[in-house]
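A, B, ... follow the sequence lines: proteins, then strands. Residue 1 opens every chain. In what follows, every heavy atom counts, from backbone to side chain, and hydrogens, waters and symmetry copies are set aside.
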Amino acid sequence: MEYNFKEIERKWQQRWKERETYKVKVDPSRPKYYVLDMFPYPSGAGLHVGHPLGYIASDIYSRYKRLTGFNVLHPMGYDAFGLPAEQYAIQTGQHPAVTTERNIARYREQLDKIGFCFDWDREVRTCDPGYYKWTQWAFLRMFGSYYDYDRQQARPIEELIAKFEKSGTEHLNVACTTPLDFSAAQWKEMSEKQKEETLQNYRLAYRADTMVNWCAGLGTVLANDEVKDGLSVRGGYPVEQKRMKQWLLRVTAYAERLLNGLDNLEWSESLKEIQRNWIGKSTGAQMFFDIAGSPEKLEIFTTRPDTIFGVTFMVIAPEHAFTEWLPTPEQRPAVDAYLAETKKRSERERIAETHRVSGVFTGRYAVNPFTGKEIPIYISDYVLAGYGTGAIMAVPAHDSRDYAFARHFGLEIIPVVEGGDISKESYDAKAGKMINSDFITGLDVKEAIPVMFEEVEKRGLGKKQINYRLRDAIFSRQRYWGEPFPIYYKDDIAYPLPEEKLPLELPPVADFNPTEAGEPPLARVKGWATPEGYPYETSTMPGFAGSSAYYLRYMDPHNDRELVSREADEYWRSVDLYVGGIEHATGHLIYSRFWNKFLYDLGIVCEEEPFRKLVNQGMIQGRSNFVYRIKNSNTFVSYGLKGNYDTQEIHVDVNIVRNDILDLDAFRRWSPDYANAEFILEEGKYICGWAIEKMSKSMYNVVNPDYIVDNYGADTLRMYEMFLGPLEQSKPWDTNGIDGVNKFLRRFWRLFFDRDGKPIVTDEKATAAELKTLHKTIKKVREDIENFSFNTAVSAFMICLNELGNCSKREILSPLTVLLAPFAPHMAEELWETLGNTTTVFDSRMPDFDPTLLVENTFEYPVSVNGRLRFKKVLPLGIDPKEVEKAVLADESAQKWTEGKTPKKVVVVPGKIVNIVI
RNA sequence: GCGGACAUGGUGUAAUGGUAGCCACGUCAGAUUUAGGAUCUGAUGCCGAAAGGCGUGGGGGUUCGAGUCCCUUUGUCCGCACCA
């Protein structure tokens with residue numbers, strides 16, 4: 001009987017369900033292991049073969065860990081709030097809850113076919129009120145907290161209020177939007193509204209009037225990680241900067257901890273580097289420059305205080321507060337014209353015209369505190385309002401942007417670091433000897449910087465300062481399909497809903513359309529207010545809200561009193577292995593770490609970092625096929641002959657192409673346009689061209705996992721996805737190679753059964769060679785799984801089978817079945833049962849290898865002469881290198897290759913090689 | 001511009017500094033079969049009839065020995081980007 005995967009897979013998926021094989025409980029008697037996949041957003045398109053790649057890898061690892069004695073938590077759920085469902089609702093009028101439910105059902109069906117060991121009893125959905133209750137709850141806790149830099153943790157806002165009452169802002173060292181200065185008496189005199197506005201300056205979740213990324217196309221604001229090149233990541237609509245009142249999370253308070261925490265994580269260096277860049281820490285100096293004829297001082301931030309003697313002008317951002325009063329009356333009209341012009345330019349234009357130099361002179365001068373020289377102050381949009389103080393000291397000799405500006409406006413350029421030629425371009429060096437720099441002349445840049453830090457502080461010009469590129473996360477979206485804020489307003493003061501009122505459920509609406517003005521759908525809901533009639537916040541939370549702490553909820557998903565119980569949290573602690581795409585590097589993976597650190601500060605969770613080890617699976621790309629139509633005809637010419645004609649390249653569905661050979665009849669059926677297509681063949685075949693592209697419907701290169709499961713089985717799909725290449729690497733899907741792993745599984749099956757389906761496993765004793773093959777494979781496969789090198793593990797199985805021939809001995813096949821179980825669980829279960837076992841294969845243990853079986857007695861030394869391999873010499877292992885040398889030189893092959901000369905040198909690497917130099 | 005990763009047959013890839021190309025796909029040949037998108041066997045980096053030579057993007061270095069380490073250069077991909 002042939003391997004009937006359909007029947008076997010159905011049977012075992014059914015049994016696993018009935019027996020609750022994958023149900024996990026807290027079990028202090030066993031070590032735990034938590035394997036997590038980034039949960040999917042259930043889109044309407046369903047899964048393609050790329051989506052399960054990471055799930056398969058984590059499933060193999062989970063099963064492996066279970067087989068080595070761990071109590072493995074491996075849950076799955078859905079990130080179900082979000083824009084696509086809402087966009088779909090706008091187009092079709094179907095409620096997002098309905099389409100989401102339908103998409104989830106489809107996802108589940110597809111996932112189930114692949115045979116994952118998820119504990120579905122722990123499923124979470126971010127759009128479920130029982131789930132988002134805890135998202136809202138965490139938000140309330142952030143609203144009720146501030147960040148104390150001295151204690152390096154979040155604290156209840158009540159402590160801050162008590163402090164204000166006692167001593168105002170004296171000696172305050174806390175995270176805030178803008179530094180404030182008031183006394184206890186002043187605090188007490190404030191109205192309730194003023195007090196609340198003041199507190200918003202400190203809360204970890206706060207409302208502020210800030211510049212935000214406004215996307216009119218989506219009718220909502222977006223976080224920085226949701227915008228790329230001035231366009232929304234979703235949909236690609238233009239994004240502009242707009243001042244709006246928004247909710248934000250004070251992620252910046254945790255910048256230093258988010259940065260330092262990376263050091264102890266087992267994440268790829270590249271991912272850590274992305275996060276480090278995103279946080280963007282830079283150490284520099286804050287400095288105050290006097291302004292000629294004014295008591296005001298201009299505050300700037302610089303990382304290069306050593307170049308102070310090269311400062312020849314100052315630049316402030318167009319949004320800088322000084323633009324209101326600084327310009328002289330003569331310059332006022334020019335300044336106003338410039339400010340109006342920059343305001344008109346969209347963010348996209350600014351990005352596109354990065355190197356266009358523009359600016360205007362204010363007519364005023366600052367004083368270089370070290371030289372006493374007066375230097376002009378300019379306004380230019382190359383200085384960003386949002387970074388540092390929105391003002392810079394310009395050193396044209398050593399900064400390319402300052403250089404371009406100086407050249408454009410004919411400003412002085414003074415070199416202060418030796419080595420560059422500043423006649424054509426700036427010399428942006430971070431090393432070299434200082435020149436033209438008074439008391440630091442002659443020092444190296446690296447020595448000069450700390451000297452200047454000290455000097456700046458000594459002279460009272462400013463102090464050392466650390467800046468981050470990271471911004472607070474904009475937390476409101478003017479959309480419907482998200483978590484409502486548990487906030488209501490009274491006299492425009494925001495009040496938190498009491499925790500016992502949670503969840504605040506999303507009300508039904510009929511019209512999902514956003515408005516260009518930014519009026520959210522909830523604003524049109526009658527009665528969207530507390531029972532007393534106070535209106536609720538009408539925006540909703542962004543996509544990352546629900547995904548920020550979902551890994552905690554899996555630990556204790558049915559608990560309606562706590563986010564996670566202490567018992568569950570202390571047992572499962574944090575995610576040991578997290579598998580997912582790198583695209584979340586600056587979004588979810590930052591927010592989650594922030595969220596978790598906040599909960600850690602509050603004592604809700606016991607681990608500060610949520611994801612100990614993280615593996616980024618690569619993207620599966622599509623492999624597109626092309627046909628070549630002769631222009632203005634319905635004749636298609638084969639790939640090799642297309643050069644002879646004027647052709648047009650057309651994507652063709654990869655599912656009607658095999659090994660790049662087109663199925664002509666299927667092609668004629670594919671589209672009515674091609675029903676009468678004619679072909680010019682080569683060697684009787686139509687060969688298609690191909691290219692690697694993104695897997696997408698429009699390229700006709702989407703391969704559905706259902707199709708693979710139906711035709712080859714889930715076990716083949718699982719093994720083939722792993723066999724494609726290293727997990728972390730992006731690679732194209734090519735169904736052509738799948739026969740290799742399918743053949744392997746069928747051959748393995750035939751070791752257990754004859755043609756008639758009769759079991760043929762014997763109790764005959766295994767030979768030494770068979771045992772050696774078995775143990776070599778066990779060693780290799782186990783090491784490969786530990787190293788996430790699943791592709792080479794699959795190869796190891798194939799090599800094993802090639803070496804075993806047709807060995808049907810229980811002594812060999814029984815451990816091999818267990819070893820194979822993580823990869824091909826359905827087949828392994830069936831064969832395990834065939835071997836007479838009554839329990840599931842996953843209740844047994846991974847076989848250990850016997851190192852004594854792998855010891856070699858002899859070694860075939862490769863012998864090279866002058867670095868070139870010439871012959872081999874078999875010698876006993878472990879003999880003295882001198883003996884090896886003697887034996888090799890005595891060999892007649894050595895005589896031949898050395899032509900009888902006495903070697904200058906003989907290098908013997910025991911167990912490796914012998915090299916003779918003549 | 002800054003930062004990171006990568007470069008090996010027709011294809012996917014494999015190689016603790018030690019016989020480059022394991023394992024597969026594809027291709028070719030053979031066996032078996034009414035038939036094959038089945039099964040089995042063999043060949044398959046390039047040049048060469050062979051002996052042999054040449055081969056891991058290019059150039060250089062360290063080493064008895066380099067795909068692997070170092071320098072340099074080219075190309076591809078990714079991240080950030082007027083961040084002072």
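Taking A:Lys642 as the reference, nothing meets the salt bridge (Lys or Arg N to Asp or Glu O under 4.0 Å) condition, with sequence neighbours excluded. A search for side-chain hydrogen bond (donor to acceptor under 3.5 Å, both in side chains) contacts involving A:Thr252 returns A:Asp472, not counting sequence neighbours. When the salt bridge (Lys or Arg N to Asp or Glu O under 4.0 Å) test is applied to A:Asp660, the partners found at least two apart in sequence or on another chain are A:Arg623. When the ring-ring contact (aromatic ring centres under 6.0 Å, His included) test is applied to A:Phe309, the partners found at least two apart in sequence or on another chain are A:Phe370, A:Phe439. Partners of A:Glu256 under the salt bridge (Lys or Arg N to Asp or Glu O under 4.0 Å) rule, at least two apart in sequence or in another chain, are A:Lys281.
The separation between A:Lys694 atom NZ and B:C77 atom P is 16 Å, rounded to whole Å. Atom CG in A:Leu889 sits about 18 Å away from atom P in B:C64, given to the nearest Å. Across the protein-nucleic acid pair, A:Ile692 atom CD1 and B:C6 atom P stand 20 Å apart, rounded to whole Å. In this structure, CD of A:Glu783 is placed 16 Å from P of B:A14, rounded to the nearest angstrom. Rounded to whole Å, atom C1' of B:A38 lies 19 Å from atom CZ of A:Phe744. Taking atom CH2 on A:Trp267 and atom C1' on B:G4, their separation rounds to 17 Å, with Å as the unit. When rounded to the nearest whole Å, the span between OH of A:Tyr403 and C1' of B:C82 equals 17 Å. Between the C1' atom of B:U76 and the CD atom of A:Glu693 lies a distance of 17 Å, rounded to the nearest Å.
No hydrogens or angles considered: nothing links the side chains of A:Thr792 and A:Ser795 as a donor-acceptor pair under 3.5 Å. Side-chain atoms of A:Ser624 and A:Glu693 form a donor-acceptor pair, as typed in the model, at a separation below 3.5 Å.
Using a 4.0 Å heavy-atom cutoff across all strands shown, A:Asn791 reaches sugar-phosphate atoms only and no base atom. Contact annotation for A:Gln729: backbone-only contact, meaning every heavy-atom pair under 4.0 Å involves sugar-phosphate atoms and none involves a base. Using a 4.0 Å heavy-atom distance criterion, A:Asp399 is classed as making no nucleic acid contact. Across all strands shown, A:Ser268 has no heavy atoms under 4.0 Å from either base or sugar-phosphate atoms. As judged by a 4.0 angstrom heavy-atom cut-off over every strand, A:Arg623 is placed among residues making no nucleic acid contact. When heavy atoms are screened at a 4.0 angstrom cut-off, A:Pro726 is found touching the sugar-phosphate backbone but no base atom.
For the P atom pair drawn from B:U62 and B:A49, the interatomic distance equals 38 Å after rounding to whole Å. B:G55 and B:G21 have their C1' atoms separated by 11 Å, given to the nearest Å. The gap from the C1' atom of B:G60 to that of B:G9 amounts to 27 Å, rounded to the nearest Å. Taking the P atoms as reference points, B:A14 lies 15 Å from B:A24, given to the whole Å. Atom C1' of B:C47 sits at a distance of 43 Å from the matching atom of B:G3, rounded to the whole Å. For B:A5 and B:C70, the P atoms lie 11 Å apart once the distance is rounded to whole Å. Taking atom P in both B:G18 and B:U68, one finds a spacing of 11 Å when rounded to whole Å. B:U13 and B:C25: their C1' atoms are spaced 10 Å apart (whole Å).
Classification of B:G9 as syn follows from a glycosidic angle within 90° of 0.
Between A:Tyr387 and B:A84, a side-chain N or O to OP1/OP2 separation shorter than 4.0 Å is present. The phosphate of B:C40 (OP1 or OP2) has a side-chain N or O of A:Arg750 nearer than 4.0 angstrom. One finds a side-chain N or O of A:Asn802 lying less than 4.0 angstrom from the OP1 or OP2 phosphate oxygen of B:A24. Considering only side-chain N and O atoms, A:Arg276 lies nowhere under 4.0 angstrom from the phosphate OP1 or OP2 of B:C80. The phosphate of B:A84 has OP1 or OP2 within less than 4.0 Å of a side-chain N or O from A:Ser282. Of the side-chain N and O atoms in A:Lys272, none sit less than 4.0 angstrom from OP1 or OP2 of B:G4.
Remark: side-chain polar atoms of A:Asp663 are paired, donor with acceptor, to backbone N or O of A:Ala666 under 3.5 angstrom.
A:Phe409 and A:Phe313 have their aromatic ring centers separated by at least 6.0 angstrom.
For A:Asn277 and B:C80, a side-chain-to-base donor-acceptor distance below 3.5 Å is absent, hydrogens and geometry of angles not being considered.
Ring orientation note: the planes of A:Tyr720 and A:Phe723 are tilted relative to one another, at an angle of 30° to 60°. Taking the six-membered ring where the residue is Trp, A:Phe405 and A:Tyr382 present tilted rings, their angle falling between 30° and 60°.
For A:Tyr382, the side-chain atoms get nearest to B:C82 when compared with the rest of B:C82, B:G18, B:G37. For A:Thr792, counting side-chain heavy atoms from C-beta on, the closest listed nucleotide (B:A24, B:A15, B:U19) is B:A15. Closest to the side chain of A:Trp278, out of B:C25, B:C80, B:C23, is B:C80. Of all nucleotides listed (B:A38, B:A81, B:A84), B:A84 comes nearest to the side chain of A:Thr303. Side-chain proximity of A:Thr302 to B:C23, B:U39, B:A84: nearest is B:A84. The side chain of A:Val907 has B:C64 as its nearest neighbour among B:C82, B:A38, B:C64. Closest contact between the side chain of A:Glu273 and the listed nucleotides B:G3, B:C23, B:A84 involves B:G3. Of the candidate nucleotides B:G26, B:G18, B:A84, B:G26 has the atom lying nearest to any side-chain atom of A:Asp739.
The partner of B:C22, taking Watson-Crick or G-U wobble pairs whose two distances both stay under 3.5 Å, does not exist in any strand shown. Nucleotide B:A43 forms a Watson-Crick or G-U wobble pair with B:U27, both donor-acceptor distances falling under 3.5 Å. Using the Watson-Crick or G-U wobble rule with both distances under 3.5 Å, B:U56 pairs with nothing in any strand shown. B:G3: Watson-Crick or G-U partner is B:C78, with both key distances under 3.5 Å. When both distances must be under 3.5 Å, the Watson-Crick or G-U wobble mate of B:G36 does not exist. Checking B:A50 for Watson-Crick or G-U wobble geometry (two distances, each under 3.5 Å) identifies no partner in any strand.
Nearest-nucleotide mapping onto RNA chain B: of A:Pro862 and A:Ser730, the residue sitting toward the 5' end is A:Ser730. Taking for each of A:Asp663 and A:Thr586 the nucleotide of RNA chain B with the nearest heavy atom, the 5'-most of the two is the partner of A:Asp663.
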Review item, nucleotides 27-34 of chain B N/O atoms under 3.5 Å of protein N/O:
none

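Checked options A:Leu774, A:Thr777, A:Ile799, A:Leu816; the residue passing with A:Leu804 is A:Leu816 (criterion: side-chain contact (heavy atoms from CB on, under 4.5 Å)).
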